[in-house]
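Chain letters run A, B, ... following the sequence lines, proteins first and then strands; every chain starts at 1.
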Amino acid sequence: MNETHGDTIMRVENLAVHFPMGGGLFGGQRRWLHAVDGVDLELKRGECLGLVGESGCGKSTLALSLLGLQAPTRGRIILDGHDVSGSAGKDRKDRARFAQMVFQDPYSSLNPRQTVRTTLEAPLRLHGVTSRSEIDDRIADVLKHVGLRTDQAERFPHEFSGGQRQRIGIARALILRPKIIILDEPVSALDVSIRAQIINLLLELKETLGLSYVMISHDLGVVEHMSDRVAVMYLGRIVETGGWETIFTNPQHPYTRALIAAIPDPFSRTTGVKITGEIPNPLNPPTGCGFHPRCPEARDICRIPPAPLLEAIAEDHLVRCRRVGEFA
Amino acid sequence: MLKTFAIASALALTMGGIAEAQTPRKGGTIRLTAPYGSSFANLDIHTSNRAQDEIYAKAIHRTLYNWDSAANKPVLELATGVTASPDGLVYTFKLRDDAIFHHGRKMTADDIIWTFNRLMDGTKAYPGARYVRIIKGAVDVEKGQAKTISGLKKIDDTTLEITLTSKVDPGFYFHAAMTSIYPADEAVKESFNSKPIGLGPYKFLEYVPGSRLVGERWEKFYKPGKPYADKVSISIMGEAAARDVAFRNKEIDTSILGPAQYVAYQGDPALSKGLLEVAEVYTRNMGMNQNFKPFADKRVRQAINHAIDSDLIIKRLVKGKAYRATGWLPLSSPAYDKNLKPYAYDPEKAKKLLAEAGYADGFEFEWTATSNESWGIPIVEAVIPMLEKVGIKVKIKPVEGTVLSEVVSKGEYQAYIWSNTSGPDPLEALKCFHSATPQSACNYTAFKNANLDKVLDEAAASEGEKRIELLKKANAIVQEEAPVWFFNYNKAVMAYQPWLKGLQPNATELAIQYPEELWVEESSPAAK
Amino acid sequence: MLSFIVRRLLQTIPIILAVALLIFVMFSVIPGTFASSMGDDGRGMLDAQVMERMNKEFGLADPVYVRFGKYIAQLAQLDLGMSFRTRQPVSSVLADRMWPTLQLSFAAMMFSIVIGVPLGFIAALRPGSIIDTVSMVGAVSGLSVPKFWLGLLMMYFFALQLGWLPSFGYGDGGLRYLTLPAVALGVAPLALLARTTRAAVLEIMNADFVRTARSKGMSEWRVVQWHLARNALVIVLTTIGLQFGTVIGQAVVIEKLFAWPGLGSLLVDSVTLRDIPVVQGAILLIVMFFLLVNTLVDVLCAIIDPRIKYT
Amino acid sequence: MKIRANLLIGGVLFATVILAGILAPLLAHTDPVMDANLMFAEEPPGGEFWFGTDAQGRDIYSRVLYGARISLTVGIVSQLINTVIGVCLGLSAGYWGGWWDDFVNGLTNLMLAIPSLIFALAIMAILTPGLTSLLIALGLTNWSFTCRLARASALSLKSQGYVQAAKVLGYGDIRIMLTQLLPNMLGPIIVIGTLGMGGAVLAEASLSFLGLGIRPPFPSWGSMLSDARDQITTAPWISVFPGLAIFMTVLGLNLLGDGLRDILDPQSRTRRA
Amino acid sequence: MSQKPLLEVENLRIDLSIGDTKFPAVQDVSFTIGRGETLGLVGESGCGKSITALALIGLLRHPLSIGGGIIRFDGREIQSLSPAQMRQLRGDRISMIFQEPMTALNPLSPVGRQIAEMFVLHKGASWRDAERQAVEALASVRVPAPERRVKDYPHQLSGGMRQRVMIAIALACSPDLLLADEPTTALDVTVQAEILDLIRDLCAERGTAVLMISHDLGLIANMCRRVGVMYAGRIVEERAAEDVFRAPSHPYTSGLVASLPLLGARARQGRHRLMEIAGVVPPVAAFPAGCRFHPRCRASTEICVAADPEVTLLPNGGSVRCHHHE
């Protein structure tokens with residue numbers, strides 16, 4: 001069963017994740033939170049896909065479903081040609097060898113009671129690597145890749161600095177030799193002076209090990225620097241997607257434009273076109289285009305249900321906006 | 001042969017060393033304690049056979065007979081005279097015509113008949129039924145085959161004829177508080193449960209469940225001039241240590257003492273003056289189950305009696321608050337044999353007996369015991385090393401009192417330690433070793449001895465001195481057969497405040513006092 | 001608000017039912033019966049006929065499931081059954097004993113709250129000071145003493161040696177009689193409340209919003225008054241609610257020692273005498289009381305703390 | 001350095017009790033059960049009998065030493081049972097959530113609603129008094145706080161990166177609970193366990209007072225204290241020494257618990273409530 | 001108006017006590033802020049920027065304490081003020097906004113009341129008047145429907161709204177100096193932009209000077225005229241904002257600027273390997289001797305290990321603390 005052509009390593013089709021809210025024995029009315037609401041994505045081999053959006057846009061839930069930690073309500077996830085949707089727990093071990101994750105907070109993402117060696121050795125043993133020498137080799141190998149010394153393996157996380165911890169986190173993600181790595185805000189919790197080290201390391205690893213990345217970030221500078229393609233999410237949906245250059249030099253969706261404009265420019269005190277208001281409550285999303293209450297370009301047409309479709313306006317450039325034609 | 005009992009008017013005559021020749025003072029409150037638990041069962045004395053409840057019952061209620069502590073026998077209370085038929089089965093009572101219930105009505109024979117019929121109500125299981133059952137036809141009522149007891153006949157309002165099933169002294173049966181006479185008209189009412197009405201010297205005033213019961217003087221009590229005090233208050237105090245503090249703090253007038261406090265009070269110059277000691281009719285013993293192989297052998301049972309230094313335990317652990325048991329019948333029993341010698345402490349002899357019985361290397365048994373300080377685990381703990389010396393190992397099986405009575409009556413034990421009533425009627429007490437008595441009744445060791453059965457049957461058929469002689473003989477047989485380790489007879493000790501006068505040394509249960517005999521002097525904190 | 005209270009009360013029903021089931025099952029296997037308990041004072045047993053009759057009268061002869069069915073049917077009609085011992089409805093037996101226990105446990109809690117909470121507060125405002133050290137050493141000691149031992153010592157000291165107070169009993173139910181048992185019962189919750197209050201205040205002292213309050217230029221007293229007290233109160237209230245359960249449990253010991261005629265001594269007595277309907281009723285009542293107090297605490301917390309939803 | 005003071009004093013007190021228990025056969029002068037000699041009943045402290053003798057003439061010093069064994073067994077074993085129950089239920093409930101969590105929550109509320117002393121009392125009456133019964137009674141009735149704590153910890157820990165990472169690496173649920181969650185919640189649980197041990201020693205004394213504790217001949221402090229309460233005016237030493245032993249042990253455990261809390265669980269408030 | 005600067009900080013030292021030892025978490029920090037001026041302090045976590053702000057408002061708590069130096073506010077040394085005088089200053093003339101708007105507000109008190117407290121404390125207003133003024137204050141931070149919002153509790157508000165409430169509190173008494181400690185770090189980018197605009201506009205209106213603290217160099221450069229760069233408890237460089245990016249003098253600043261993936265950089269110059277600063281930020285207890293940056297500095301020489309660099313004034317008005325400044 002091979003449903004994708006050769007260079008697509010992962011495809012997500014119409015994925016949705018809904019959570020029940022409230023309810024229970026005496027709990028009142030049960031409502032559904034549409035965290036992810038119909039997402040289509042494609043990740044090509046060796047590519048870094050940047051996933052951009054503000055808090056509550058559903059990017060983290062999306063990542064969890066990709067890893068099999070969150071069962072999707074509907075939709076399909078096709079990994080390397082195999083449909084793995086539906087099962088959140090059963091094939092966890094199989095999926096572990098295919099996709100891994102690097103976490104945002106290097107402090108909470110390492111078990112404080114385990115040495116680096118235990119952290120790296122336990123997954124190997126779990127996945128059937130039992131020979132002492134092979135384990136040692138693979139640990140040494142992965143530590144070398146992330147720039148740590150082998151003798152540091154016997155230490156506990158608290159003996160490392162933040163940057164080093166993130167290297168350990170990366171080593172843990174690499175130890176099973178996965179093909180895809182999900183990077184969840186990989187540098188935002190690090191000291192500014194350390195970020196470049198990790199960014200450079202991740203880019204190197206991508207080349208040398210032939211990895212594919214899905215990177216979640218709200219830091220547009222990092223996204224621009226690292227991504228090959230970018231998807232912008234808002235209220236559980238992708239509102240604009242395309243190559244990095246397209247998104248950063250020719251953004252079409254008003255939300256993408258606003259995001260870029262919101263970054264303080266160190267060289268000028270002027271400010272771009274800004275949006276006001278806050279992200280709506282996902283439990284009670286606006287009708288029609290979810291962005292219309294904050295959109296400086298909103299017209300009556302934007303308020304009419306259903307939500308606008310994600311339409312191609314150029315090759316590899318899709319935008320979810322009814323008025324996109326008028327902006328050109 | 002006609003037997004006439006004198007009216008028991010001489011109660012106050014012999015008060016041991018306590019009653020001094022002085023005029024009883026009127027007024028004040030008598031503050032008694034009920035020491036056996038933290039509550040009364042309820043206010044219907046027919047439902048409870050506990051000593052605890054009998055304490056208040058004697059203030060509120062009256063029975064046909066009463067226990068004369070001085071003469072140590074039952075005497076007529078609600079009757080002025082009684083005649084027995086020659087065959088000893090039909091008793092005709094001349095009832096008091098001055099006994100007036102607290103609601104103002106005079107007692108008649110109907111009230112007694114009503115009361116006894118009530119006790120036999122088979123659907124209610126009143127514990128007092130065991131006494132009434134000696135009346136002819138009572139069992140039929142219990143089984144629902146008759147409406148009224150045929151053996152009860154009202155001649156007129158003050159004359160009652162009772163026909164018995166066997167030749168026994170009804171006095172031993174109808175002095176129990178469980179047979180208190182109720183007013184037939186009032187006792188059927190729901191309110192009776194919370195506001196009892198009786199014939200006693202004190203009229204029910206208030207009851208705080210779990211705390212105290214208070215009665216006030218019944219002006220129309222049939223004994224002239226009595227009761228003396230205005231009120232009687234009975235505080236429920238199960239905790240000995242708390243009772244000790246309260247007594248020393250002069251908050252209560254009487255306190256029943258345990259061994260520890262007995263010593264302390266004896267040693268205290270002030271407190272030692274107010275101690276009343278009585279040989280009660282309880283025999284503390286270790287029962288041995290004869291279905292447990294070693295105990296089937298008489299020699300083993302005797303060996304145990306020889307192996308334990310009972311005197312030492314009584315002296316040091318029980319602090320002298322007990323009398324050494326010679327046989328089953330206690331000191332205060334009319335059939336007590338002064339000449340009977342207790343088993344001597346003789347470990348060598350014990351070893352010899354054990355060897356003869358085939359237990360030269362000893363054996364091990366399980367000893368079921370409660371935590372009671374006078375007849376429970378503390379005693380067992382002191383005995384263990386003594387038995388160990390003759391090669392017998394003991395494992396304690398601790399249980400609650402409720403469980404003890406259940407396992408013992410079912411025979412599900414190897415040995416137990418308990419305190420059992422051994423009086424006041426010696427025949428009744430010894431019948432417990434009659435093979436016809438079921439284990440569930442009181443033959444707890446399932447004792448069988450043809451010789452004893454014969455002597456007891458003879459005793460039942462005889463009377464007077466002859467009966468006493470036969471009972472002494474039976475007691476000797478029981479001692480020889482040693483179904484139990486004869487430990488001690490209880491010495492009950494009551495501490496009383498110097499201002500409290502008129503206490504009676506009641507051998508059936510010292511805590512049970514007739515409050516109409518008591519009075520308090522001016523010095524009492526509650527004299528007003 | 002009202003619906004919140006109703007909902008919280010409804011939520012206690014499953015717990016009460018579960019307790020009823022648990023207690024029933026537990027006491028259906030207890031050795032000994034009420035009838036056999038009547039012989040435990042050594043005055044002679046009931047005869048076998050009466051025992052059998054008694055067991056039949058009390059329905060103990062039926063198989064367990066029949067008894068449980070009857071029991072539940074009774075409960076459904078809010079009938080707790082008849083006491084074996086008093087031969088009266090359990091509800092009236094409980095009614096007699098409830099007030100003294102309420103009196104005692106409320107008095108003990110009042111004592112512990114009135115002293116414990118301010119003590120913890122003062123200790124927290126001056127951490128490391130003499131008063132802090134002394135009160136916390138006192139608190140940890142108060143938690144470490146066997147309760148009946150403490151009660152006994154107090155009895156000897158205050159009643160016998162000093163003669164200030166009566167040593168035992170309910171008396172007229174007044175303060176003189178209440179004081180000693182309430183204090184003996186209240187020492188442990190006092191110690192715990194002092195510690196909890198201190199910890200809660202210290203924790204809130206370090207909260208960001210207290211720093212905000214200081215940055216507004218508030219004096220320490222104002223900070224305590226306007227911002228600290230209410231926040232600490234939520235934690236302290238919860239502790240008080242839970243402590244009620246402990247206090248009622250420990251009341252068993254204190255009531256027995258001081259001859260206090262409450263539910264606790266009734267319960268112990270009824271267990272000893274196997275008066276099972278009273279045991280079941282008393283435990284149910286205690287549980288219901290505990291749940292009621294905690295529902296009340298929840299409601300109070302919801303009033304104080306708007307984050308707790310009560311719509 | 002107040003933190004160290006409570007840890008130090010608590011540790012020393014507790015260590016003393018442990019040593020007394022372990023070395024009882026070496027330190028004791030007599031056998032605590034068999035050497036009852038009524039000739040020496042109720043001797044006051046001094047000379048041959050350092051702490052005096054009890055009503056049966058047994059050496060209180062020896063019995064207090066052996067009593068440490070019972071009290072430690074009661075404290076440690078019952079608390080171990082509580083901890084295992086509490087952790088198993090709380091950890092799995094917090095981690096899995098859903099109906100299991102609701103069920104465990106209900107069970108915990110049930111346990112909280114019945115005062116634990118009353119619950120233990122009922123269990124003791126049913127099982128008949130004795131050490132095993134006591135361990136069961138105290139071990140089954142005090143796990144609710146541990147359970148709540150374990151549940152709360154599991155809830156907050158399960159969103160930690162390393163737990164997510166373990167899932168991503170393909171760990172099974174049980175393995176995650178045992179290797180990732182459990183070691184990281186152990187600190188506060190040990191604290192609660194330590195404090196609970198003191199509570200168990202006190203509960204044993206209370207149950208003994210109510211006549212439902214450990215029964216002799218084994219010397220438990222609770223029953224020694226309870227049995228001797230009537231002799232408090234005549235022979236106070238019989239109850240003073242076991243009373244002091246209980247007080248010192250519980251005080252030690254409480255101080256130790258406080259000290260451990262300062263180290264292991266710095267941000268906690270008094271969860272024991 | 002006096003010609004003296006509003007705030008003068010000279011050789012401020014803040015000690016961190018660990019056991020009996022005191023470590024200088026902040027040392028030799030000097031700067032001035034004029035009336036209505038905005039100064040940015042930028043640095044990584046642990047560099048001492050936040051505690052400097054807390055020192056200015058007198059809120060340092062154990063284990064931190066002022067170990068030396070002078071803080072002069074409007075000509076008065078604040079260390080010499082009594083606690084009561086300091087309280088009068090706090091909130092009224094110097095106020096502060098904190099990073100985490102969730103926890104910085106009392107969860108049990110309606111936000112209106114928390115604003116109103118300011119008027120009661122400093123303006124002697126009655127509660128009734130204060131509550132009314134709170135509505136106005138809330139309106140001034142552009143909160144829609146303020147008369148309803150004043151009754152809300154913090155948990156009912158979004159992060160951005162809470163931070164607006166904090167700003168309303170901080171600016172309620174029109175202070176002379178606002179200390180803004182990472183006011184937008186916890187917020188989303190679009191909300192951050194709004195809040196920054198708000199602070200900028202309101203302070204300009206009131207003539208309030210701002211000390212803005214952040215780890216985000218871009219944000220500080222955008223917001224402030226002058227920037228102080230802090231590293232390991234010291235200000236290593238102080239410049240006009242635009243110079244910091246264009247011509248950084250200190251190796252740390254230049255390293256930092258070169259390591260940032262700035263938006264638009266890739267579009268302009270293509271993807272390049274980012275400059276890395278080696279090593280890690282040292283903890284307070286392990287600040288190195290000599291120049292504190294020397295273990296991580298590419299230009300480090302012997303003198304950097306041996307001697308503490310002095311402050312050097314730069315020709316264009318800035319200053320730098322480096323032996324080898326560019």
Side-chain angles (χ1 to χ4, degrees), chain C residues 11-12 14-16 18-19 22-23 26-27 29-31 127-128 133 136 140-141 143-149 152-153 156 188 192 195-196 198-200 202-203 235 238-239 242-243 245-253 256-257 264 267-268 271-272 274 279 282-283 286-288 290-291 294, chain D residues 2 5-6 10 106-107 109-110 112-128 145 195 198-199 201-202 204-212 221-222 225-226 229 232-233 239 242-243 246-255 257-258 261 267-273:
Chain C
Q11 280 166 351
T12 63
I15 294 182
I16 293 170
V19 170
L22 186 71
I23 298 301
M26 281 172 67
F27 281 97
V29 296
I30 195 166
T133 313
M136 287 307 123
V140 79
S141 306
L143 281 175
S144 310
V145 188
K147 232 144 272 137
F148 67 87
W149 180 242
L152 208 54
L153 293 178
Y156 271 89
L192 209 69
R195 283 157 58 101
T196 312
R198 179 177 179 272
L202 276 182
E203 180 183 289
I235 299 169
T238 315
T239 311
L242 288 173
Q243 273 306 299
T246 317
V247 160
I248 295 177
Q250 299 291 345
V252 172
V253 172
K256 184 158 187 264
L257 181 67
L267 182 68
V268 177
V271 168
T272 313
R274 304 294 187 260
V279 173
I283 295 181
I286 288 170
V287 167
M288 270 153 61
F290 172 82
L291 291 173
N294 279 280
Chain D
K2 192 165 159 280
N6 54 26
L107 211 59
N109 286 336
L110 178 71
L112 278 175
I114 309 178
S116 58
L117 185 66
I118 288 180
F119 207 161
L121 183 119
I123 296 179
M124 288 307 283
I126 289 158
L127 297 178
T128 74
F145 288 110
L195 297 172
V201 174
L202 286 180
E204 191 263 329
S206 283
L207 287 172
S208 286
F209 172 79
L210 298 173
L212 290 166
W221 293 338
L225 179 56
S226 170
R229 63 185 187 264
I232 194 162
T233 42
S239 45
I246 293 180
F247 176 68
M248 293 309 222
T249 307
V250 180
L251 185 69
L253 284 166
N254 280 338
L255 288 173
D258 286 354
R261 190 203 300 275
Q267 75 277 18
S268 87
R269 49 188 191 223
T270 48
R271 289 205 186 89
R272 193 161 67 129

inquiry  = Between D:N6 and C:V140, does the side chain to side chain contact (heavy atoms under 4.5 Å, CB included) criterion hold? Intermediate values first, please.
reply    = CA-CA 10 Å; D:N6 54 26; C:V140 79; over 6 Å; no
Just so I know, are the side chains of [X] and [Y] near enough to count as touching, which here means a heavy-atom distance under 4.5 Å?
| X | Y | value |
| --- | --- | --- |
| D:L225 | C:F148 | yes |
| C:L143 | D:V250 | no |
| D:D258 | C:M136 | no |
| D:F145 | C:L242 | yes |
| C:N294 | D:L112 | no |

ask   = What's the spacing between D:I246 CD1 and C:S144 OG if we round to 0.5 Å?
value =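 With rounding to 0.5 Å, CD1 (D:I246) is 11.0 Å from OG (C:S144).
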If I measure from the heavy atoms of chain D, does [X] come under 4.5 Å with its side chain, its backbone, both, or neither?
| X | answer |
| --- | --- |
| C:L202 | neither |
| C:I16 | neither |
| C:V271 | side chain |

ask   = Which atom names give the shortest non-hydrogen contact between C:G249 and D:P115, and what distance separates them?
value =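 Of all heavy-atom pairs spanning C:G249 and D:P115, the closest is CA-CB, 3.6 Å.
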query = Which one, C:Q250, C:M288, C:K147, leads in non-hydrogen pairs under 4.5 Å with chain D?
reply =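 With the most close heavy-atom pairs to chain D, the winner is C:Q250.
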